[in-house]
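What you see is a predicted model, and the numbers here were worked out from it, not measured in a lab. When a ligand or atom number is given, it counts from 1 through the structure's own listing order.
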Amino acid sequence: MQDLRQVALGQPTVGEEEIEALREVFASGWISGAGPTCVTFEKEFAAAVGTSHALSTSNCGSALHLALQVLGAGPGDEVIVADYTFPATGHSVMWTGATPVFADVRPDIGTIDPEAAAALVTERTVGIIAVDLVGQPADYDELRALADKHGLWLLEDAACSAGATYKGRPAGSLADLAAFSFHGRKGITSGEGGALVGDDTDRMDLARKLHTYGIAPAVSREGSNALAVPSFDVAGYNYRLSDVQAAIMRVQLRRLPDLVAARSRAADQYAEELGDLEQISLPVVLDDRTHPWQSYLLTAGDGVDRDAVVMALRERGVGSNIGTYSSHVQPVYGSAQECPVAARLFRTQFALPMHANLTEDDVSYVTSVVREVVGGAGVRA
Ligand SMILES: *Cc1c(COP(=O)(O)O)cnc(C)c1O
């Protein structure tokens with residue numbers, strides 16, 4: 001039997017430098033969360049994304065939940081949410097008791113369509129959550145104008161967009177608050193993790209308090225002359241990143257430009273080697289923004305059976321999956337919205353291997369398999 005080459009769909013890029021950082025944080029004696037390494041990482045992360053404040057969190061879902069609470073979303077409120085996303089976005093709205101109202105997306109880049117969002121504003125609407133789709137930022141100028149017109153807040157789900165830019169500004173600085181993910185499938189990772197970033201000191205202070213059971217983090221009481229016994233006036237959560245994870249993230253953040261460059265090279269090679277295939281379309285990157293390539297999504301054309309393509313790629317050792325989810329069709333939301341564009345992308349998009357460890361050979365292998373599979377009769381619907 002012929003050796004089957006395997007190319008993973010996603011892969012973290014962690015190694016010796018991260019291990020060295022782990023040695024240091026272990027030696028420091030502070031491995032729980034919200035400690036000195038988190039504080040240092042937060043300063044570095046805020047500087048990288050161009051906001052006044054950053055708060056490290058256990059994941060992006062907890063960062064979104066904190067954001068919605070400090071923005072004041074609650075029962076009776078409606079929050080307009082980009083439909084095409086990993087459903088953490090809609091779930092976080094549900095956790096507050098508010099109602100997610102799903103807006104359809106642009107057919108080219110899959111981010112929230114500002115006109116679709118505008119049509120959903122009611123007197124109960126309190127804010128908008130845009131999603132930077134697999135990293136590419138949404139239309140923040142148009143969304144800001146819409147939010148300002150109706151007195152709404154704007155939240156950026158930047159789970160996938162570390163390293164991206166919009167009109168020269170970094171992802172994370174494009175809305176009132178933004179939430180990042182450091183899950184193993186994202187562009188920079190500590191296995192699990194996240195961050196909330198923003199400029200508003202009061203909101204960020206409240207988020208910090210809520211993320212550690214409703215009191216100031218222990219690190220802020222260190223060195224006090226008196227015994228500082230905090231009192232609890234709100235039932236906060238444990239949404240802390242650990243200092244072990246923060247140590248990994250400090251290294252990942254330093255490496256971010258190189259990791260984005262490596263993924264961009266793979267994306268360019270995909271485009272070069274697949275651009276002439278009629279059965280699929282390539283991802284679109286708009287001129288005024290940059291793509292950090294958390295995922296590389298192709299769109300199957302008419303008559304191409306997307307599910308059969310994904311299974312055929314996997315059989316040949318090429319990692320593949322759907323693009324992401326259409327939210328309004330998920331039973332949990334009981335949504336009455338119609339988002340035909342997102343529904344179509346949910347049916348037709350699929351992901352090719354994309355991570356910073358891909359070699360030129362890996363990409364060539366993947367594109368030869370895609371050509372064979374998509375060009376083959378077996379996948380025609
Ligand atoms: C991955 C992802 C999330 C969830 O991130 P976690 O860190 O796993 O909570 C949220 N939104 C989007 C768009 C994502 O891709």
Side-chain angles (χ1 to χ4, degrees), residues 9-12 33 41 45 54-69 79-96 100 102-103 105-106 109-112 128-138 140 143 154-164 171-172 174-175 177-197 207 211 237-242 245-246 248-249 252 263 283 291-297 321-328 330 332-333 339 342 345-346 349 351 354-355:
L9 177 62
Q11 203 171 74
F41 168 63
F45 195 69
L55 171 68
S56 56
T57 61
S58 50
N59 52 59
C60 180
S62 55
L64 288 168
H65 189 204
L66 291 170
L68 287 163
Q69 288 178 89
V79 177
I80 296 171
V81 178
D83 190 67
Y84 194 49
T85 181
F86 185 76
T89 322
H91 282 25
S92 66
V93 176
M94 300 286 277
W95 297 336
T96 68
F102 296 105
V105 298
R106 293 177 57 137
I109 64 168
T111 54
I112 190 167
I128 303 167
I129 311 181
V131 176
D132 299 336
L133 189 78
V134 299
Q136 182 166 204
Y140 287 97
L143 292 167
L154 181 61
L155 172 59
E156 177 182 3
D157 183 337
C160 302
S161 54
L174 305 174
L177 292 169
F180 286 89
S181 175
F182 307 137
H183 179 264
R185 281 285 286 117
K186 312 298 185 185
I188 46 175
T189 181
S190 48
E192 301 280 353
L196 177 68
V197 300
H211 108 298
Y237 313 90
N238 179 353
Y239 279 173
R240 295 186 291 260
L241 190 77
S242 77
Q245 292 167 311
I248 299 171
M249 284 312 304
Q252 289 275 293
R263 293 195 296 267
H291 201 314
W293 301 109
Q294 183 268 336
S295 289
Y296 190 87
L297 303 187
N321 207 342
I322 65 165
T324 190
Y325 298 84
S326 188
S327 300
H328 72 287
Q330 305 304 325
V332 59
Y333 303 121
C339 304
L345 297 177
F346 181 42
Q349 290 203 314
M354 179 50 81
H355 50 82

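- Side-chain atoms of Arg263 come within 3.5 Å of backbone atoms of Pro292 as a donor-acceptor pair (strictly under, hydrogens ignored).
- At a 4.0 Å heavy-atom cut-off, the residues surrounding ligand 1 are Asn59, Cys60, Gly61, Thr85, Phe86, Ala88, Thr89, Val131, Asp157, Ala159, Cys160, Ser181, Lys186, Gly193, listed by chain and number.
- Donor-acceptor pairing under 3.5 Å is lacking for the side chains of Thr89 and His91.
- Taking the six-membered ring where the residue is Trp, the centroids of Phe102 and Tyr333 are separated by under 6.0 Å.
- Note on ring orientation: taking the six-membered ring where Trp is involved, the planes of Trp293 and His291 are parallel (angle under 30°, cut-offs 30° and 60°).
- In this structure, the side chain of Thr324 engages the main chain of Phe86 through a donor-acceptor pair within 3.5 Å.
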> Please walk me through it: do Arg185 and Leu9 pass side-chain contact (heavy atoms from CB on, under 4.5 Å)?
Replying inline: CA-CA 9 Å; Arg185 281 285 286 117; Leu9 177 62; 3.9 Å; yes

